[in-house]
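Structure, as structure tokens:
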Amino acid sequence: MRTSPPRSVPLNDLLRQATALQSELSASVNRVLASGWYILGRECAAFEAEFAAYCGVSHCVSVANGTDALEIALRSLGIGPGDSVATVANAGGYSTTAIRSVGAEPVYIDIDPYSMNMSAASLSARLTPAVRAVIATHLYGYMADLPALLTVTGRAAIPLVEDCAQAHGAAIGGRKAGSWGALACFSFYPTKNLGALGDGGAITTNDEGLAQRAKSLRQYGWSGKYQCSEYGRNSRLDEMQAAVLRAKLPYLDGWNARRREIAAIYSAALAGQALEYPLDFGQAYVAHLYVIRSHARDQIRGALGRCGIATDIHYPVPDHLQTAARGTRAAVTAKLPVTEQAAREVLTLPCYAELEDAEISAVAGALQALAEEVRVG
Ligand SMILES: Cc1ncc(COP(=O)(O)O)c(C=O)c1O
């Protein structure tokens, strides 16, 4: 345990978790090495069963990454050229990439200023018959208002796909992220709350037919070995990553609790200051990212940087303002004042389970000092 104040606090440090779990991770990797089976084997099947049970669903289909999970989920629903898919524009472009990959068009929905997740009222206002599905992202690890969003999609009789890439283990009323939508998509990118030692992803669902279709689509569209019933993808989770994820899954709830604890310490340090910060969202928030908002974002970033505290911006350019979107119908028709303002104001602070107490205190101390250092109002 460190006794003197840290000289710097990194935004993330993946080596810490890998070191703490070194013997378990080595044993997992060695088990796969010794098995002689490296793709879609026992580890994958076991992880799928364990993760489905964790999420409280009947099916989990593992895939190569979270973006593929979104693409395969859309394809499983039959979304393709000529269709539109409603999504948010403030989540790093992942859903847009998947929507474009299936040949569909995004329809961007503005966010709620408080949660920064999709606004159910804005969704309701922008639905047209061309919108055949909705992707709701649980941004920063805070669950979108699924009861309200599902009321809107239920009325329109269209499926909702959850993007749970930042929300492993979050829950509303005891019901986990990944168990609400027709399908739900996860990323196991190394920095996620449940992260692999490489790329990984998964789709969860309670629908047997959708699970079977996703399983076929992740492997060339095969209905059986060498039998191609439709054209799919090659997007498989390998046995090494599945074994690593199995070793880590039992720790997830503890890591999430620690993330929430850190978030609570930061929020207490910021109480009374003229900026916005995560309040106590309870189990619906797994503190994947701790994001504050201020008109003085860049000043705050500078002040924290001078204290050695690393920060980042998630995300600086909304999807409809990206160069790749220029001239597209989605960009031209987008009216997203809340999204655009958030992009100018958000700032991410270090928040992960392996932060040391001295580092957390250093961040909290720097946050308390902000009021004197910069005019944050
Ligand atoms: C909200 C969200 N959706 C989707 C993805 C895409 O996941 P991946 O990087 O595994 O393709 C990410 C990962 O960064 C994400 O944060």
Side-chain angles (χ1 to χ4, degrees), residues 11-12 14 47 51 55 60-75 85-102 106 108-109 111 115-118 133-144 146 149 160-170 177-178 180-181 183-204 214 217-218 233-238 240-242 244-245 248 256 259 284-291 312-319 322 339 342-343 346 348 351-352:
L11 193 72
N12 224 317
L14 298 176
F47 173 68
F51 196 61
C55 294
C60 169
V61 180
S62 59
V63 294
N65 58 65
T67 313
D68 282 3
L70 288 167
E71 180 186 329
I72 291 170
L74 292 177
R75 284 183 181 227
V85 178
T87 189
V88 288
N90 67 331
Y94 314 109
S95 58
T96 297
T97 301
I99 293 164
R100 292 285 181 206
S101 300
V102 304
Y108 293 118
I109 309 300
I111 54 171
S115 68
M116 291 189 269
N117 282 323
M118 182 182 282
V134 174
I135 298 177
T137 304
H138 305 310
L139 197 69
Y140 308 146
Y142 179 52
M143 282 179 77
L146 289 174
L149 292 172
L160 181 144
V161 175
E162 289 174 75
D163 182 349
C164 307
Q166 303 188 359
H168 316 68
W180 291 74
L183 295 149
C185 301
F186 289 85
S187 165
F188 304 118
Y189 184 79
T191 56
K192 302 304 188 200
N193 290 36
L194 179 64
L197 298 179
D199 274 317
I203 299 166
T204 54
L217 288 168
R218 79 167 166 191
R233 293 279 317 276
N234 173 6
S235 179
R236 301 174 294 217
L237 183 72
D238 66 67
M240 294 274 183
Q241 299 307 336
V244 162
L245 290 167
K248 289 188 176 192
N256 283 346
R259 283 174 180 268
Y285 179 50
V286 288
H288 172 63
L289 298 177
Y290 185 92
V291 175
D312 203 351
I313 296 170
H314 295 93
Y315 296 89
V317 184
D319 296 14
Q322 295 285 352
T339 297
V346 289
T348 304
C351 184
Y352 44 99

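For reference, positions follow the sequence shown, starting with 1. We count ligands from 1, going down the list as the structure has it; atoms in each ligand are counted the same way.
- At least one N/O-N/O distance between Ser187 and ligand 1 falls below 3.5 Å.
- Short contacts between ligand 1 and Asn65, defined as distances under 4.0 Å to a heavy atom of the residue, involve ligand atoms 10 (O), 11 (O).
- Considering both main-chain and side-chain atoms, Asp68 never comes within under 3.5 Å of ligand 1 through any nitrogen or oxygen pair.
- Side-chain N/O atoms of Thr191 and Tyr352 include no donor and acceptor closer than 3.5 Å.
- With a 6.0 Å radius and a threshold of 12 heavy atoms from other residues, nucleotides or ligands, Tyr315 has its OH atom above the threshold.
- Among all heavy-atom pairs drawn from Val346 and His314, the shortest one is CG2-O, 3.6 Å.
- Legend: residues meeting side-chain hydrogen bond (donor to acceptor under 3.5 Å, both in side chains) with Asn193, ordered by chain and number and at least two apart, are Asn256, His288.
- Checking only distances, Leu70 never comes within under 3.5 Å of ligand 1, N or O to N or O.
- Phe188 and His168 have tilted rings, their planes meeting at an angle from 30° to 60° on a 0 to 90° scale.
- Note that CZ of Arg75 and CG of Asp68 are 9.5 Å apart. Values are rounded to the nearest 0.5 Å.
- Tyr94 CG, 3.4 Å is the protein heavy atom nearest to atom 5 (C) of ligand 1.
- Across the listed options His314, Lys192, His288, Lys192 owns the non-hydrogen atom lying nearest to atom 13 (C) of ligand 1.
- Proximity to Thr137 (heavy-atom distance under 4.0 Å) selects the following atoms of ligand 1: 1 (C).
- Here the SG atom belonging to Cys164 is positioned 11.5 Å from the CD1 atom belonging to Ile203, to the nearest 0.5 angstrom.
- When only interatomic distances are considered, the shortest N/O to N/O separation between Tyr189 and ligand 1 does not fall below 3.5 Å.
- Of the candidates Val63, Val88, Thr67, it is Thr67 that places a heavy atom closest to atom 11 (O) of ligand 1.
- The nearest non-hydrogen atom to atom 1 (C) of ligand 1, considering only Asn90, Leu289, Asp163, comes from Asp163.
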